[in-house]
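First the structure, in the form of structure tokens, and then the observations on it.
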Amino acid sequence: MRNRLAETIAEKGIHDEAVLMAVRSIPRHIFVDTALENRAYDDRALPIGCGQTISQPYTVAAQTQLLEIKKGDKVLEIGTGSGYQASILCHMGADVYSVERHEELYHKAREILQELGYRPTLKLGDGTKGWSAYAPYDGIVVTAGAPVVPDDLIKQLNIGGRLVVPVGSKESQMMVRITRVSEDSYEEEQLQQFKFVPLIGEKGWD
Ligand code: SAM
């Protein structure tokens, strides 16, 4: 089922072999409620409690592909949710930091990731301000829809680092990739429309 899911997302445009390998390797059904296990390998988002979702596998893969991760890169994820994307990043050899604002999801993700043998550094809190203690990052991925690009995140990028963030209204967002090309210059690309749950916090939605 995992192989078939990897094939499905490859047909939709995912070509990064390391991302596809991670999708083939990680048991997505462990990240959802047992009642939803039979839908875990469909290419769709599923509820995970607290009104939140585990993103559609294609979306996780597309965001990860845009990060252009190399082994050992330091990556910050905003919105741990189920922990699935954090596991993909860990599987690809990244040094992963992830922030979640819902306590229940934070604890659940921590447990599952430990069970699977992944060791990201997790934090409960508002990720709209990033995580300055471990900055700068080679990649930052925001897995909830932001009203604007949170400026603290841009500042926490390494030179050459990439921020991947969906930006727009609560109904639909444009995937934006910002690359820090020097100390004070950035390149912005606008890529594709998506629909995420809202990024809620000081530099996000109320
Ligand atoms: N990456 C997740 C996964 O693999 O399951 C996707 C989770 S879901 C689409 C987005 C998550 O972002 C939710 O769990 C939500 O609680 C979280 N979130 C929203 N605003 C946040 C914020 N300011 N800081 C941290 N997490 C936030």
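Here the structure is a predicted model, which is why all the values come from computation and not from measurement. Order of appearance sets the numbers: ligands from 1, and atoms from 1 within every ligand.
Within 6.0 Å of atom CD in Glu111, 12 or fewer heavy atoms from other residues, nucleotides or ligands are found, so the atom counts as exposed in its surroundings. Around the NZ atom of Lys70, the shell of radius 6.0 Å holds no more than 12 heavy atoms that belong to other residues, nucleotides or ligands.
The side-chain heavy atoms of Ile154 and Arg180, taken from C-beta on, include no pair separated by under 4.5 Å. With a 4.5 Å cut-off on side-chain heavy atoms, Tyr106 and Thr80 do not count as touching.
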Protein N/O near ligand 1 N/O, under 3.5 Å, which pairs?
from     : atom 1 : to     : atom 2 : distance (Å)
ligand 1 : 1 (N)  : Glu77  : OE2    : 2.8
ligand 1 : 1 (N)  : Gly79  : O      : 3.0
ligand 1 : 1 (N)  : Thr143 : OG1    : 3.3
ligand 1 : 4 (O)  : Gln85  : N      : 3.0
ligand 1 : 5 (O)  : Ser82  : N      : 3.1
ligand 1 : 5 (O)  : Ser82  : OG     : 2.6
ligand 1 : 14 (O) : Glu100 : OE1    : 2.7
ligand 1 : 14 (O) : Glu100 : OE2    : 3.4
ligand 1 : 16 (O) : Glu100 : OE2    : 2.6
ligand 1 : 20 (N) : Ile200 : N      : 3.0
ligand 1 : 23 (N) : Asp126 : OD1    : 2.9
ligand 1 : 23 (N) : Ile200 : O      : 2.6
ligand 1 : 24 (N) : Gly127 : N      : 2.8
ligand 1 : 26 (N) : Arg101 : N      : 3.4

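The cluster map of Ile, Leu, Val, Met, Phe, Trp and Tyr, joined by side-chain heavy atoms under 4.5 Å apart, puts Tyr84 and Val197 in different clusters.
In this structure, Asp16 and Gln65 approach most closely via the heavy-atom pair N-OE1, 3.0 Å.
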